[in-house]
Amino acid sequence: MSKITVNKLVVGLEIGTSKVSTLVGEILSDNMINIIGVGNCPSNGMDKGGVNNLESVIKCVQRAIEQAEIMANCQISSVYLALSGKHINCQNEIGIVPISEEEVTQEDIDSVIHTAKSVKICDEYKILHVIPQEFAIDYQEGIKNPLGLSGIRMQAKVHLIVCHNDTAKNIIKVVDRCGLKVDQLIFSGLASSYSVLTEDERELGICVVDIGGGTMDLAIYTGGALRHTKVIPYAGNVVTSDIAYAFGSPPADAEAIKIRHGCAFASIINKDEMIEIASVGGRPIRKVKRQTLAEVIEPRYIELFYLINEEILNLQERLKQESIKHHLAAGIVLTGGAVQIDGIIECAQKVFNTQVRIGIPINITGLTDYVQKPYFSTSVGLLHYGKETHLNNIFELEKKTSINNKFTKILNWFKKEF
């Protein structure tokens, strides 16, 4: 099996409550990602982002990896791995350092970010991401990139995303047992935002919500900076459970009913429309009004959206008190498997009172017919994240090479002189 050039290959692995997906992407010369392999498998052994049956999860991952390898004609050795769950928390911190030279160097930026992240966190937790929000030099605030600017003292505001050590170890163990290496562990909500948002939306203010089977992952941006992340441990599976209980249907059938006939906004349905619903125990199929099904689904989605809205309102109040941009002028972006249901936008607008759109992966080529779906947002986002990491590593390598070349030239000059 021929292997694609390693330095241009990125692989994203999402192990969710409902599905396991693997994407293989190639970084093109124009920095676009070309999707060349897809692996997808129903998930078994996961619940709300946590592993509850190690062997079952390993089998699912192996199947998804194998599918992607066959399609991409490559051998996968490492992955960017998504992580979600109620154990994920966030906090905003500030670091302050003196500027060592007359103008800000990369070392100063690294130093102030290091100072900002050097806060005490619980022993059971570790820092997953350190994301700069903005910088200030002396009295000048709201600086996006301070490199080369003059001043005496520099301040950095950063967003920290932390996760529970044991939960992270367990999902990494799954990948290890599959004979793979984890390039980096990435919060699912952050990955989704890489996949479906534009820079303009981040600047205007936006909340992206990835609604999966077991969790809802939130990422809220204002003024171009990530201000808040949150995992709510309720999502699409509670809607499926409601359908199963209301109509006495097996859970698998209830999920199929939700996808095929579900609607989150009952008033848009034709009152005379009928659907067929399977029953448990071999009982005959029944016919019910589709509106009756919607009347079960809509209240639960409204409840989920109110949980999200509460997070947004609480954050906006805090940002307002700190004189930070708090308006979400670009509205709400919904993505993830559980948003693929009729009436979801109308239902969300009823709760949020702002513009709402469905988010699908952008800035990709290749197998777009497969992956330009809301339920691939996290997986595609992992590839975008991996691409950024790859390009940053190349930049660092080129910088080190340039420094070494200059040092070699100086050394050779000294040898000639003496």
Side-chain angles (χ1 to χ4, degrees), residues 84 88-94 116 128-136 140-146 155-161 186-211 215-232 301-302 304-336 339 344-363 374 377-378 380-381 384-385 388:
S84 183
I88 290 177
N89 295 314
C90 75
Q91 57 198 71
N92 295 316
E93 298 294 341
I94 294 175
L128 196 60
H129 299 287
V130 181
I131 303 169
Q133 294 173 323
E134 58 213 7
F135 299 86
Q140 185 181 353
E141 298 180 344
I143 299 170
K144 301 291 185 185
N145 183 2
Q155 172 183 285
K157 292 182 179 180
V158 301
H159 183 74
L160 302 182
I161 302 176
I186 299 151
F187 170 49
S188 298
L190 180 64
S192 296
S193 70
Y194 270 70
S195 173
V196 302
L197 298 184
T198 66
E199 284 302 318
D200 287 342
E201 286 177 322
R202 290 186 179 92
E203 193 64 39
L204 287 169
I206 197 161
C207 174
V208 59
V209 186
D210 190 324
I211 310 178
T215 62
M216 297 191 295
D217 300 330
L218 278 66
I220 304 176
Y221 292 81
T222 70
L226 182 60
R227 306 293 179 182
H228 186 65
T229 47
K230 176 76 174 180
V231 177
I232 298 174
Y301 268 100
I302 287 175
L304 293 175
F305 290 148
Y306 270 116
L307 292 174
I308 297 164
N309 200 46
E310 185 178 0
E311 282 292 321
I312 293 172
L313 293 176
N314 288 339
L315 173 68
Q316 286 181 316
E317 184 58 35
R318 292 201 304 271
L319 294 179
K320 188 177 180 180
Q321 290 174 0
E322 297 171 19
S323 299
I324 298 172
K325 290 180 180 178
H326 62 280
H327 293 295
L328 302 184
I332 311 291
V333 173
L334 302 177
T335 194
V339 307
I344 189 81
I345 291 178
E346 292 87 346
C347 182
Q349 287 173 334
K350 180 179 176 181
V351 175
F352 297 121
N353 293 313
T354 187
Q355 58 183 324
V356 179
R357 72 170 176 88
I358 302 299
I360 62 171
I362 57 176
N363 298 326
S377 291
T378 297
V380 172
H384 283 298
Y385 194 99
E388 295 298 325

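Computed from a prediction, not measured in an experiment: that's the story for all the values here.
Between the side chains of S84 and S188, no donor N or O sits under 3.5 Å from an acceptor N or O. The closest side-chain donor-acceptor pair between D217 and S192, if any, does not fall under 3.5 angstrom.
Not a single donor-acceptor pair under 3.5 Å links the side chain of Q316 to the backbone N or O of H327. Put simply, the side chain of S377 never gets that close to the backbone of S195: no donor and acceptor are under 3.5 Å apart. The closest donor-acceptor contact from the side chain of T229 to the backbone of A219 lies at 3.5 Å or more, if one exists at all. Q355 places a side-chain N or O within 3.5 Å of a backbone atom of A329 that can act as its donor or acceptor partner.
Heavy-atom contacts from other residues, nucleotides or ligands closer than 6.0 Å to NZ of K144 number more than 12. Around the CD atom of E141, the shell of radius 6.0 Å holds no more than 12 heavy atoms that belong to other residues, nucleotides or ligands.
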Apply side chain to side chain contact (heavy atoms under 4.5 Å, CB included) to residues H129 and I186 and explain how you reach the verdict. CA-CA 8 Å; H129 299 287; I186 299 151; 3.9 Å; yes
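Taken from NZ in K157 to CD in E93, the straight-line distance is 12.0 Å, to the nearest 0.5 Å. In this structure, N314 CG and K230 NZ are separated by 9.5 Å, a value rounded to the nearest 0.5 Å. Residue F187 holds its CZ atom at 9.5 Å from CD1 of I131, rounded to the nearest 0.5 Å. To the nearest 0.5 Å, atom CZ of residue F352 and atom NZ of residue K350 are 13.0 Å apart. To the nearest 0.5 angstrom, H326 atom NE2 is 10.5 Å from Q321 atom CD. Here the CG atom belonging to L328 is positioned 9.0 Å from the CG atom belonging to L319, to the nearest 0.5 angstrom.
Paired with I232 under the rule side-chain contact (heavy atoms from CB on, under 4.5 Å), one option of L304, T215, V209, L218 passes, and it is L218. V351 pairs with exactly one of I332, L307, N309 by the side-chain contact (heavy atoms from CB on, under 4.5 Å) rule, that one being N309. Just one residue in the list V158, L160, I161 forms a side-chain contact (heavy atoms from CB on, under 4.5 Å) with Q91, and that residue is L160.
Residue L315 comes nearest to H228 through the heavy atom pair CD2-CB, 3.4 Å, listed as atom of the first residue, atom of the second, then distance. The two residues L226 and Q133 come nearest to each other via the heavy atoms O-NE2, 2.7 Å. Annotation for G359 and T335: closest pair O-OG1, 2.8 Å, computed over non-hydrogen atoms. Minimum interatomic distance between I312 and C207 (heavy atoms only, all atoms of both residues): CD1-SG, 3.9 Å. Summarising the geometry of P361 relative to V196, their closest heavy-atom pair is N-CG1, 4.1 Å, with the distance given to 0.1 Å. Here the closest non-hydrogen pair linking E388 and Y194 is CG-CE2, 4.1 Å.
By the 4.0 Å N-to-carboxylate-O rule, R227 lies too far from E322 to be salt-bridged with it. Classification of E199 and R202 as a salt-bridged pair holds, one side-chain N sitting under 4.0 Å from a carboxylate O.
You'll find the side chain of F305 reaches within 4.5 Å of the side chain of I344, heavy atoms only.
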